[in-house]
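Start at 1 with the first residue, then count along the sequence.
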Amino acid sequence: MKDFFISYNSADKTWAEWTAWTLEEVGYSTVLQAWDFRPGSNFVLEMQRDAAETERTIAILSPAYLDALYTQPEWAAAFVQDPTGENGTLLPVCIQKCDLKGLLRAIIYIDLVDLDEMAAKKALLQGIKQERIKPSVEPQFPGDVRRSVTVQPRFPGALPPVWNVPHNRNPNFTGREEQMAKLKTALGSGRPAALTQAIHGLGGVGKTQLALEYAYRNVAEYDVVWWVRSEEPATLASDYASLADALDLPEKEAADQLLIIKAVKQWLEQHPKWLLVFDNAKDRADVRKYIPQGEIGHVLITSRNANWLGTATPLDVKVLEREESIDLLLKRTGYTDREAADALADALGDLPLALEQAGAYMDATRRSLPDYLEMFTKRKNELWDRAGHPPDYKYTVATTWNIAFDEVKQISSSGADLLNLCAFLAPDDIPVELLNSGVEYLPGSLDAVAGDRLAFDDAVDPLRRYSLVEITAGTISVHRLVQAVTRDRLDGDEKKKWAEAAVRIVNKAFPYRSDDVQTWHVCSRLLPHALAAAELAEAFDVASDSTGRLLNQTGGYLSGRAQFPEAKEIHERALDIDEAAYGPDHPTVAIRVNNLGGVLRDIGDLEGTKKMYERALAIGESAYGPDHPDVAIYVNNLGDVLKALGDMEGAKKMFERALAIDEANYGPDHPQVAIHVNNLGLVLKYLGDTEGAAIPVKIVNACS
């Protein structure tokens with residue numbers, strides 16, 4: 001006879017497996033359908049035999065268990081054997097709140113509802129004992145225990161071992177059951193065409209929230225859940241490659257990011273039980289090359305773009321159904337007036353983001369539904385008077401935003417300024433330390449709270465309470481539509497002020513040696529904010545010095561990660577900005593020209609590289625004279641590309657000149673001199689001058 005037969009509904013399989021594992025861990029024997037019923041056996045006969053050959057039956061109680069038909073005979077058979085409960089033959093274990101009726105109501109159960117894993121394990125092991133907690137016989141030696149399953153099941157609800165989802169689960173998530181069911185059915189179908197789903201719709205309609213809720217609901221199905229910010233190609237590549245660290249792949253330290261991406265993709269193609277979420281992707285061309293081949297994992301894409309055929313199965317997400325909108329408002333506020341909620345939902349156009357902001361406002365201020373509707377109508381009319389009839393849903397969010405923002409300003413002017421600053425950065429994962437690092441660039445009241453943790457928390461708190469931002473450990477996130485509305489309400493001078501503050505703060509934080517692998521973890525985290533801040537600074541024509549430098553450093557990082565097309569485009573932008581700011585012949589422009597030449601060489605455009613290096617040299621000579629150390633750098637680079645083009649005589653002249661300049665400036669035994677000597681020696685060897693080539697070797701050895 002075995003000790004326990006585990007009776008459960010398929011919806012509670014993870015709880016049943018965890019229970020069986022926990023019992024076997026301490027020496028009990030169990031029978032579990034998922035582990036012991038093998039293909040080809042008769043399900044009903046197996047149930048009858050195992051129920052008869054076990055001492056006790058554990059019933060995993062949940063609403064799904066009570067509603068199921070096949071579970072009733074299982075617990076009823078145990079109840080008949082011991083109707084008084086004297087022997088504890090039927091032992092209910094409650095995992096979810098449920099309404100027990102009839103015979104089950106009279107039986108004392110083990111309550112695991114809302115316990116963490118350690119508390120649940122203790123309650124289970126104590127609850128199964130009918131006597132004192134101390135065993136009546138000597139425990140069996142652990143080495144004699146034999147398991148039927150060798151890998152411990154994850155505690156139900158625990159996150160997968162590899163998980164980077166940047167958002168907390170939304171406790172007020174309401175509705176979307178039809179879309180959730182479609183996702184679950186499609187991804188679980190095993191059909192290749194259905195394993196990649198593209199959730200598309202308007203901004204603020206809840207695409208990211210739907211993907212987020214799916215990930216949290218289905219954590220038991222996956223060992224890897226990886227969130228990839230996909231708005232910018234460079235950020236997409238960086239987030240995707242970072243999975244190599246979490247998986248501890250051998251390629252994780254490679255300088256070539258393309259090599260890391262290839263390794264991640266290959267791993268995903270060979271391992272099951274993973275979910276990739278590409279959030280806010282612009283189009284299928286950006287994402288397609290990152291989607292693993294095969295049929296053993298799942299992909300979700302969120303996008304405003306509806307054109308995903310050929311890459312993913314589209315799932316159109318519209319505004320909420322009216323009943324869902326009403327439920328969301330009532331759940332968010334705790335009110336019960338469905339008629340008033342209906343009227344407000346109608347005014348808000350059933351847009352989830354607007355409903356959430358309205359609900360957060362009422363929850364914080366305890367304003368009634370009719371009061372908020374009156375305020376909303378008044379503010380909407382004011383906006384319409386200023387801007388004309390609203391062209392789209394954005395004005396609905398603008399109205400709810402204005403109501404909330406006015407309240408925030410009364411509570412904390414620092415909070416209002418913080419939202420203004422965040423509107424000029426990337427929307428997700430804004431590091432708090434970034435905001436606190438550039439004190440000298442913080443306008444308004446923010447300079448008073450930077451570096452003061454308590455004051456900073458006081459500034460953030462009203463933004464969180466009114467659902468204008470999301471706070472996680474050390475980071476702030478802002479919805480893209482909230483950012484857009486925040487920027488739109490600022491006048492021209494205010495936009496310039498905050499755009500300048502943002503780009504100067506990120507520029508200060510972005511590492512100087514951005515092409516050095518030791519700085520790449522910092523560069524990777526700041527990359528989306530560098531791109532966003534630079535783009536807005538360009539748009540408002542502010543802080544050109546910081547913007548040009550930031551783009552140059554960003555380009556250097558991307559070039560180091562072998563993201564050459566993106567690096568080329570960013571270096572070109574940096575060059576355009578600095579040419580406009582300093583003129584075409586400024587030394588800073590020479591640096592930008594030289595760096596662009598380096599990227600052109602990386603992508604194989606040697607003629608373009610030569611033109612850039614020649615121009616950088618001409619600017620350097622004009623600015624510093626022919627014998628300056630910086631000029632030697634440009635001379636050496638030009639020699640290098642001439643060598644690559646096959647012009648060995650030209651390369652020889654350049655290397656000889658670079659050597660002469662640095663020997664005069666640094667002396668004959670300086671490491672910089674050794675570089676030029678080595679380059680010259682290689683060219684001399686190619687030209688057949690073996691005697692001349694031997695001299696540089698001796699000099700290099702001396703420098704070493």
Side-chain angles (χ1 to χ4, degrees), residues 255 512-519 552-553 555-556 559-560 562 564 567 571 575 585-704:
Y512 170 71
R513 294 299 305 272
S514 60
D515 58 344
D516 184 345
V517 66
Q518 295 184 9
T519 70
N552 182 72
Q553 301 308 109
S559 182
F564 300 126
H571 276 302
L575 175 57
D585 301 321
H586 192 275
T588 299
V589 172
I591 296 172
R592 306 295 181 253
V593 169
N594 182 73
N595 291 345
L596 177 56
V599 178
L600 292 175
R601 171 152 193 190
D602 288 330
I603 63 178
D605 183 1
L606 296 181
E607 286 295 340
T609 302
K610 178 172 174 284
K611 290 178 181 178
M612 291 298 109
Y613 286 164
E614 286 174 337
R615 182 183 172 194
L617 174 57
I619 297 172
E621 287 177 322
S622 175
Y624 302 122
D627 301 322
H628 192 276
D630 286 357
V631 171
I633 295 174
Y634 302 140
V635 171
N636 182 78
N637 289 349
L638 181 56
D640 188 59
V641 74
L642 290 174
K643 175 173 168 281
L645 286 167
D647 182 0
M648 295 301 170
E649 288 295 341
K652 176 174 174 285
K653 291 178 181 178
M654 291 299 109
F655 290 144
E656 287 174 337
R657 180 182 172 191
L659 174 59
I661 294 173
D662 279 344
E663 276 187 322
N665 282 287
Y666 300 123
D669 299 327
H670 192 274
Q672 190 69 25
V673 171
I675 294 173
H676 303 316
V677 168
N678 184 66
N679 290 340
L680 179 58
L682 293 174
V683 172
L684 291 174
K685 184 176 181 180
Y686 184 88
L687 290 171
D689 185 356
T690 54
E691 183 178 346
I695 297 173
V697 173
K698 296 176 183 177
I699 297 176
V700 170
N701 291 335
C703 290
S704 299

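Residues Val593 and Leu596 fail the side-chain proximity criterion, which asks for heavy atoms closer than 4.5 Å. Proximity of Thr588 to Arg592: side-chain heavy atoms (C-beta onward) are separated by under 4.5 Å at one or more points. Between Glu649 and Leu687, some side-chain heavy-atom pair lies under the 4.5 Å cut-off. By the 4.5 Å heavy-atom criterion applied to side chains, Asn679 and Ile675 are counted as neighbours.
With values rounded to the nearest 0.5 angstrom, Leu600 atom CG is found 5.0 Å from Thr609 atom OG1. The NZ atom of Lys643 sits 11.5 Å away from atom CG of Leu680, with the distance rounded to the nearest 0.5 Å. Annotation: the span from Ile633 atom CD1 to Ile591 atom CD1 amounts to 8.5 Å, rounded to 0.5 Å.
Of the possible donor and acceptor atoms, one in the side chain of Asn665 sits under 3.5 Å from a partner among the backbone N and O of Asp627. Of the possible donor and acceptor atoms, none in the side chain of Ser622 sits under 3.5 Å from a partner among the backbone N and O of Ala618.
Taking each heavy atom of Tyr634 and Ala616 in turn, the nearest pair found is CD1-O, 3.5 Å. The shortest non-hydrogen separation linking Ser559 to Asp602 is OG-OD2, 3.3 Å. Closest of all the heavy-atom pairs between Arg615 and Val589 is NH2-CG1, 3.8 Å. Nearest approach of Ala567 to Gly555, heavy atoms of both residues: CB-O, 3.6 Å. Between Asn594 and Asn637 the shortest heavy-atom distance is OD1-ND2, 2.9 Å. Among all heavy-atom pairs drawn from His670 and Gln672, the shortest one is ND1-N, 2.9 Å.
For Asp515, the salt bridge (charged side-chain N to carboxylate O under 4.0 Å, His left out) partners at least two apart in sequence or on another chain are Arg513.
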In a table with atom names and distances, give each donor-acceptor pair under 3.5 Å that connects a side chain of residues 650-662 to protein atoms at least two apart or in another chain.
unit_1, atom_1, unit_2, atom_2, d
Lys652, NZ, Glu656, OE2, 3.0
Arg657, NH1, Glu621, OE2, 2.9
Arg657, NH2, Glu621, OE2, 2.6
Arg657, NH2, Pro626, O, 3.3
Asp662, OD2, His676, NE2, 2.5

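In this structure, Tyr666 places its OH atom where more than 12 heavy-atom neighbours from other residues, nucleotides or ligands lie under 6.0 Å away.
With respect to the salt-bridge test (charged N to carboxylate O, under 4.0 angstrom), the residues Glu614 and Lys610 qualify.
Residues in residues 590-627 take part in these ring pair (Phe, Tyr, Trp, His ring centres under 6.0 Å) pairs, two or more places apart or across chains: Tyr624-His628.
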